[in-house]
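Residue numbers run from 1 in the order of the sequence given.
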Amino acid sequence: FAGMEIISNSRNIETYSTDEEGKEKYLFTSRGMKVETDDENDENGAVADFGMPEGIGGEPPPKPEWYKCVMINPGGPETISCLHLKMLSLRPARASRVNIRLMKLKGRIPSA
């Protein structure tokens, strides 16, 4: 694992790795940068469902907010058996679901 790029409705992401011996260690916390998107022209179709009520007090549901986090593994690429992501600060406020719009993993194939 060398790093990753995620666009989601989570403003902060904590990353933990598990090595081959089963030991989990904290890697880093990444704060996302707000990304403007054009959902109407998106190839994926309509805006994702954030688990929001149809409107509170007669208001329309809030507009979705997307955040881009770019994470690089400190110390360079390393062998891991599992990667845990803790998605924090979901947007819009009161959202009950995590939505990931894009996820790119960076890694290196070990030479035999």
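Side chain of Thr18 to backbone of Glu24: no donor-acceptor contact under 3.5 angstrom is found. Judged purely by atom type and a 3.5 angstrom limit, Asn99 has no side-chain atom pairing as donor or acceptor with the backbone of Trp66.
Within the structure, ring-ring contact (aromatic ring centres under 6.0 Å, His included) contacts touching residues 3-24 (residues at least two apart or in different chains) are Tyr16-Tyr26.
Remark: Ser8 OG to Glu65 CD distance equals 11.5 Å, nearest 0.5 Å. Between the OG atom in Ser17 and the NE2 atom in His84 there is a gap of 9.0 Å [rounded to 0.5 Å]. Cys69 SG to Met33 CE: the interatomic distance, rounded to the nearest 0.5 Å, is 8.0 Å. Rounding to the nearest 0.5 angstrom, the gap separating the CD atom in Glu20 from the OG1 atom in Thr79 is 6.0 Å.
Applying the side-chain contact (heavy atoms from CB on, under 4.5 Å) test to Glu21 and every residue at least two apart in sequence or in another chain returns Asp19, Lys23. Residues passing the salt bridge (charged side-chain N to carboxylate O under 4.0 Å, His left out) test with Lys106, sequence neighbours excluded: none. Among residues two or more places apart in sequence or in another chain, the salt bridge (charged side-chain N to carboxylate O under 4.0 Å, His left out) test is passed with Lys25 by Glu78. Looking at residues two or more places apart in sequence or on another chain, you find a side chain to side chain donor-acceptor pair (under 3.5 Å) between Asn12 and Ser89.
Within the 4.5 Å cutoff, the side chain of Glu36 has heavy atoms near those of the Lys34 side chain.
Residue Leu85 belongs to a hydrophobic cluster whose other members are Phe1, Met4, Ile6, Ile13, Leu27, Phe28, Met71, Ile80, Leu83, Met87, Leu90, Val98, Ile100, Met103, Leu105, with links defined by side-chain heavy atoms closer than 4.5 Å.
Grouping the Ile, Leu, Val, Met, Phe, Trp and Tyr side chains by contacts below 4.5 angstrom, directly or via other members, places Leu102 apart from Val70.
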